[in-house]
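Notes follow once the structure below has been shown.
Values in this document were obtained by computation on a predicted structure and should not be read as measured data.
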Amino acid sequence: MSSSASPGGVRASNRERILALLRERGPMSQADLARASGLSPATISGIARELRETGWLDDDPDAPARGRALALSRSAGVAVGIDFGHSHVRVAVADLAHTVLAEAEEPLDVDHEAHEGVALAGRLVRALLDEVGVAADRVTGVGMGLPGPLRRDSGEVGDSAILPGWIGARPEELMHAELGLAVRVENDANLGALAEIVWGAGRDCSDLVYVKVATGVGAGLVLNGRLYHGAGGTAGEIGHVAIAETGPVCRCGNRGCLEAFAGAEAVLEPLRRRHGDRLTLRQVVLQAQAGDVGCRRVIADAGRALGIAVAGVCNLLAPERVLVGGELAQAGDLLLEPLRDAVGRSAIAATREVPVVAGVLGERAEVLGAVALVLRESQRFVAAPAGVG
């Protein structure tokens with residue numbers, strides 16, 4: 001009998017399955033672990049007892065007493081997330097039980113070079129690790145998000161990225177050189193989708209579309225529970241779907257792209273004569289919520305444009321849910337109602353009832369998604385928990 005088929009080998013395999021589920025999904029009850037793993041409750045109970053005795057598991061202190069949940073020990077390591085936005089970098093550190101231990105954010109010039117952003121992120125990561133008292137050798141991995149397409153063949157940032165100083169850069173190599181840690185890089189919309197599945201409004205979904213509407217417009221696609229990248233790694237560029245053949249010229253060079261109707265410039269430009277050149281998306285949302293008719297109108301126009309493109313995605317993929325995030329999503333139903341109306345008009349009958357709702361994680365979605373990327377994709381544990389040795 002091979003070692004993998006021996007009782008010891010089977011038990012070790014089952015133990016790894018339990019650890020992987022807890023790492024990916026966070027605290028779970030024994031009943032949930034049995035359902036997710038396909039193992040019997042008795043097997044789960046025995047493995048959980050063994051893992052708890054050897055220090056791999058803790059009881060989740062936030063779980064109600066009647067439904068005691070198990071969580072990975074906080075001594076097993078931490079995950080780091082980094083999110084680069086149009087004018088900021090945000091960093092978070094979380095343990096493997098999905099508890100965020102610390103976060104920080106710093107502004108960035110929109111025209112900064114890649115090496116400047118990497119250096120600032122590196123300083124923030126080191127400061128946060130010091131703050132929570134965690135050594136770098138206990139980091140299981142670093143997830144990092146950028147607002148632009150990433151070419152899987154070369155690791156380079158594509159030429160439609162919002163941050164011009166990153167175009168052609170290889171962010172994974174740059175951040176690895178800065179931190180000396182394993183780094184995984186994703187498009188920011190993909191990370192928003194991942195965060196909503198792990199922590200937010202998509203927790204029960206295996207087929208999901210997450211649309212981020214901010215400076216640009218992008219989509220994260222989750223199909224059968226996994227991020228979908230496409231052959232070249234650039235799937236989800238919904239902002240460059242043409243919705244009007246004779247529309248305005250987009251920054252990508254094409255005419256009539258969704259981003260030219262719903263991105264930040266499309267929203268801000270009609271309002272600048274009245275509100276000034278320093279107007280921001282956040283200010284537009286606040287003024288729209290306060291009743292400004294001009295701000296409400298441009299947000300509604302953006303929603304209708306988004307709905308045309310989202311209807312096409314629904315017709316093609318038939319997702320369980322569409323989530324909308326990013327700065328403009330803070331407008332709530334001022335954006336979502338015209339978006340839903342457009343989906344209802346343009347989607348086929350089978351998909352026009354797909355729920356379209358706001359994401360719940362707000363501006364933290366992408367950095368939490370970067371953490372979730374490490375929790376889901378890396379299987380590394382970096383420290384023997386208490387009792388193991």
Side-chain angles (χ1 to χ4, degrees), residues 84-87 110-111 114 145-169 171 186-193 209-221 227-272 281 284 297-317 319 322 324-329 335 338-339 342-343 345-347 356:
F84 284 95
H86 187 233
S87 57
V110 296
D111 293 320
L146 286 167
L150 295 162
R151 299 188 180 117
R152 293 285 155 184
D153 56 348
S154 65
E156 294 180 355
V157 179
D159 58 11
S160 62
I162 288 170
L163 298 175
W166 287 80
I167 294 173
E186 273 288 357
N187 170 270
D188 60 345
N190 285 345
L191 294 183
V209 174
Y210 174 85
V211 181
K212 181 182 178 183
V213 195
T215 302
V217 182
L221 309 177
L227 283 174
Y228 179 75
H229 299 99
T234 60
E237 285 292 301
I238 192 174
H240 299 289
V241 170
I243 62 170
E245 188 175 328
T246 59
V249 175
C250 178
R251 62 185 173 87
C252 74
N254 291 327
R255 277 193 178 276
C257 292
L258 171 62
E259 191 173 295
F261 292 91
E265 270 305 299
V267 172
L268 298 174
E269 182 57 34
L271 300 170
R272 284 184 174 132
L281 279 182
V284 171
R297 175 57 187 266
V298 297
I299 289 174
D301 289 346
R304 281 185 284 273
L306 285 162
I308 295 171
V310 168
V313 173
C314 288
N315 289 343
L316 185 65
L317 299 178
V322 174
V324 184
E327 279 187 281
L328 203 58
L335 179 76
L339 195 165
V343 170
R345 289 193 305 272
S346 301
V356 179

What pair of heavy atoms forms the shortest contact from [X] to [Y], and how long is it?
X	Y	answer
Ala189	Ala219	CB-C, 3.6 Å
Gly145	Leu191	CA-CD1, 3.3 Å
Thr246	Arg255	O-NH1, 4.3 Å
Val110	Ser87	CG1-CB, 3.8 Å
Leu335	Ile299	CD1-O, 3.6 Å
Gly218	Ile238	C-CG2, 3.6 Å

To the nearest 0.5 Å, what is the distance between [atom1] ([X]) and [atom2] ([Y])?
X	Y	atom1	atom2	answer
Glu245	Asn254	CD	CG	11.0 Å
Leu317	Tyr228	CG	OH	9.0 Å
Arg151	Asp159	CZ	CG	5.5 Å
Ile243	Ser346	CD1	OG	10.0 Å
His86	Asp188	NE2	CG	12.0 Å
Leu281	Leu268	CG	CG	5.0 Å

(message) Would Val310 and Val211 count as a side chain to side chain contact (heavy atoms under 4.5 Å, CB included) here? Give the steps.
(response) CA-CA 9 Å; Val310 168; Val211 181; 4.2 Å; yes

(request) Determine yes or no for a side-chain-to-main-chain donor-acceptor pair under 3.5 angstrom, with Asn187 supplying the side chain and Gly148 the backbone. (result)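 Indeed, once roles are kept as given, a pair shorter than 3.5 Å links the two residues.
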
(message) Strictly distance-based, threshold 3.5 Å: is any side-chain N or O of Arg304 a donor or acceptor partner for the main-chain N or O of Pro338?
(response) no

(message) Apply side chain to side chain contact (heavy atoms under 4.5 Å, CB included) to residues His240 and Arg251 and explain how you reach the verdict.
(response) CA-CA 9 Å; His240 299 289; Arg251 62 185 173 87; 3.9 Å; yes

(request) Would you sort out whether Asp301 and Phe261 count as a side chain to side chain contact (heavy atoms under 4.5 Å, CB included), showing the intermediate values? (result) CA-CA 8 Å; Asp301 289 346; Phe261 292 91; over 6 Å; no

(request) Count the heavy atoms belonging to other residues, nucleotides or ligands that lie under 6.0 Å from CZ of Arg272, then report whether that count exceeds 12. (result) yes

(message) Between Arg152 and Glu186, does any side-chain N to carboxylate O distance fall below 4.0 Å?
(response) yes

(request) Indicate yes or no: at least one non-hydrogen side-chain atom of Pro147 is less than 4.5 angstrom from one of Thr215. (result) no

(message) Run Val157 and Leu150 through side chain to side chain contact (heavy atoms under 4.5 Å, CB included) and show every step you take.
(response) CA-CA 5 Å; Val157 179; Leu150 295 162; 3.9 Å; yes

